[in-house]
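The structure appears right after this line, and notes come after that.
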Amino acid sequence: MQTLRVDLGERSYPIYIGADLLARADLLAPHIAGRQVAIVTNETVAPLYLGALETALAGYAVTSIVLPDGEAFKNWETLQAIFDGLLGARHDRRTTVVALGGGVIGDMAGFAAACYQRGVNFIQVPTTLLSQVDSSVGGKTGINHPLGKNMVGAFYQPQAVLIDIASLVTLPARELSAGLAEVIKYGLICDEPFLGWLEENMLALRALDQAVLTTAVERSCVAKARVVGADERESGVRATLNLGHTFGHAIETHQGYGVWLHGEAVAAGTVMALEMSMRMGWITVAERDRGIRLFQAAGLPVVPPKDMTPEHFLEHMAVDKKVLDGQLRLVLLRCLGEAVVTSEYPREILNATLSADYAALVDQLKH
Ligand code: NAD
Ligand code: GLY
């Protein structure tokens, strides 16, 4: 097992990474303050992993709150169901909320922990690749609004993150690919050599090779922990973690939550960010195409939805959290391995990026 650390002064916490950690009561116990634990999970994950976690927590008064599954349920109604479960079982201020599931569960359970009785202990047990490499670390919690993705939420750090690599064996291939989008992101924004490693190991990753997955999760979490430690509240470098997300969130919101998976939208959105970085003269055509090929190798979509016009993108991007004083800031690549956040780009380049023919571009890559 490997232990990483998110360095945030007195709110620092460990990330445990290894196989079969779900049953490790010894890892959980130091992060549980009182006698009450509420496990928040969903209908898909509960039959797979809830029993093992309940067994590990047998010494506590455990309430299990099983929610409906899906991005479409990341909303007020489902959040209310978590509070119903907590209050119904008389959970007090020393209770610990444990999120068992993917990013949807982690974001909602974390937000519930931030709000319940003005804040209770919280532990992340992520079970998708995406949540293991990204959403469980860093304390962003929240829900969607019909008008914008993740628009209501709080920064609320967990006491610990327990990553059981073995839980990935049951993950559907499409969900694994979605997680790979965020893994590739780290290579693009801050770790160019990682791109080469991913090119060499993509087949093994998709075949669920545990050793290779462990390396990918560790390397991603090292990058995430470093960025969060430097800029917890996203006043600077943390925004680079949103490479492709401004375009991607527009796709998710426009298509309806859950139609495109978050990682799929991020992949197509990052292709748009690569295209724009190329049009800015910062990366070469060959570098853009290298990024596109890597997303393709990961089994991800690289062309935005056919029905989305530049106007649709602009409408949704206007409510992005990176809009400041009416100015849309975008995450772009100065070169592979270095991201910048900027509002200084010619409007024509953004328009050209939004109206580019990505299907034709990808078609050319075949020849
Ligand atoms: P998800 O939570 O919807 O999980 C994907 C699917 O896999 C679900 O059907 C889930 O039930 C199922 N599942 C989970 N673990 C499984 C397992 N081990 N075996 C089989 N099935 C399993 O999606 P996700 O990709 O994990 O997370 C996406 C969400 O994370 C989005 O809402 C996104 O906005 C959010 N996010 C948050 C942050 C952050 O910093 N907080 C970062 C990135 C993404
Ligand atoms: N996933 C983006 C962030 O944590 O900041």
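Note that this is a predicted model, so its numbers are computed, not measured. Counting starts at 1 for both ligands and their atoms, following the listed order.
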| Minimum heavy-atom distance Ala267-Leu300, with the two atoms named |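 Here Ala267 and Leu300 meet closest at CB-CB, 3.8 Å.
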| query | Which ligand 2 atoms does Lys224 reach within 4.0 Å, using its non-hydrogen atoms? | reply |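 By the 4.0 Å cutoff, the relevant atoms are 1 (N), 3 (C), 4 (O).
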Should [X] be counted as touching ligand 2, given the test is an N or O pair under 3.5 Å?
X	value
Lys185	no
Lys140	yes
His245	no

| task | Please name all residues satisfying side-chain contact (heavy atoms from CB on, under 4.5 Å) with Cys335, sequence neighbours left out, ordered by chain then number. | result |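 Once residues adjacent in sequence are excluded, the partners of Cys335 under the side-chain contact (heavy atoms from CB on, under 4.5 Å) criterion are Glu338.
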| said: Quick one, Leu361 and Val302 - any side-chain contact, counting heavy atoms below 4.5 Å? | reply: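 Sidechains of Val302 and Leu361: no contact.
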| said: With a 4.5 Å cut-off on side-chain heavy atoms, are Thr246 and Phe313 touching? | reply: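 When only atoms from C-beta onward are counted, Thr246 and Phe313 do not touch, as no gap falls below 4.5 Å.
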Sub-3.5 Å pairs, protein N or O with ligand 1 N or O:
from, atom 1, to, atom 2, distance (Å)
ligand 1, 2 (O), Gly103, N, 3.1
ligand 1, 2 (O), Val104, N, 3.0
ligand 1, 9 (O), Asp69, OD1, 3.1
ligand 1, 9 (O), Asp69, OD2, 2.7
ligand 1, 11 (O), Asn42, ND2, 3.0
ligand 1, 11 (O), Asp69, OD1, 3.1
ligand 1, 11 (O), Asp69, OD2, 2.9
ligand 1, 15 (N), Thr127, O, 3.4
ligand 1, 15 (N), Thr127, OG1, 2.7
ligand 1, 18 (N), Thr127, O, 3.0
ligand 1, 18 (N), Ser167, O, 2.9
ligand 1, 18 (N), Thr170, OG1, 3.4
ligand 1, 19 (N), Thr170, O, 3.4
ligand 1, 19 (N), Thr170, OG1, 2.7
ligand 1, 26 (O), Gly103, N, 2.8
ligand 1, 26 (O), Thr128, OG1, 2.6
ligand 1, 27 (O), Gly103, N, 3.2
ligand 1, 32 (O), Glu71, OE1, 2.8
ligand 1, 32 (O), Glu71, OE2, 3.0
ligand 1, 32 (O), Lys74, NZ, 2.7
ligand 1, 32 (O), Lys149, NZ, 3.1
ligand 1, 34 (O), Lys74, NZ, 3.2
ligand 1, 34 (O), Lys149, NZ, 2.8
ligand 1, 34 (O), Asn150, ND2, 3.3
ligand 1, 41 (N), Asp107, OD1, 3.0
ligand 1, 41 (N), Lys140, O, 2.9

| request: Return the option from Glu232, Glu234, His262, Arg238 holding the heavy atom at the smallest distance from atom 5 (O) of ligand 2. | output: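 Looking at heavy atoms only, the winner is Arg238.
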| task | Go through the structure and list residues passing salt bridge (charged side-chain N to carboxylate O under 4.0 Å, His left out) with Glu232, not counting sequence neighbours. | result |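 Applying salt bridge (charged side-chain N to carboxylate O under 4.0 Å, His left out) to Glu232 gives Arg11.
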| query | Looking at Thr128, Ile105, Thr127, which hits side-chain contact (heavy atoms from CB on, under 4.5 Å) with Val45? | reply |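 Exactly one option meets the side-chain contact (heavy atoms from CB on, under 4.5 Å) with Val45, and it is Thr127.
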Using atom types as modelled, flag every donor-acceptor pair under 3.5 Å from a side chain in residues 202-213 to any protein atom, sequence neighbours excluded.
from, atom 1, to, atom 2, distance (Å)
Arg206, NH1, Ala297, O, 2.7
Asp209, OD1, Ala211, N, 3.0
Asp209, OD1, Val212, N, 3.0

| Neighbour count above 12 (heavy atom, 6.0 Å) for Arg5 CZ |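 For Arg5, atom CZ is crowded (more than 12 foreign heavy atoms under 6.0 Å).
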| task | For the pair Arg293 and Glu199, find out whether any cationic side-chain nitrogen is under 4.0 Å from an anionic carboxylate oxygen. | result |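 Looking at Glu199 together with Arg293, the answer is no, because their closest N to O distance does not fall below 4.0 Å.
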| message | Checking a contact table here: which protein heavy atom is nearest atom 1 (N) of ligand 2, and how many Å away? | response |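 Nearest neighbour among protein heavy atoms for atom 1 (N) of ligand 2, to 0.1 Å: Asp134 OD1, 3.1 Å.
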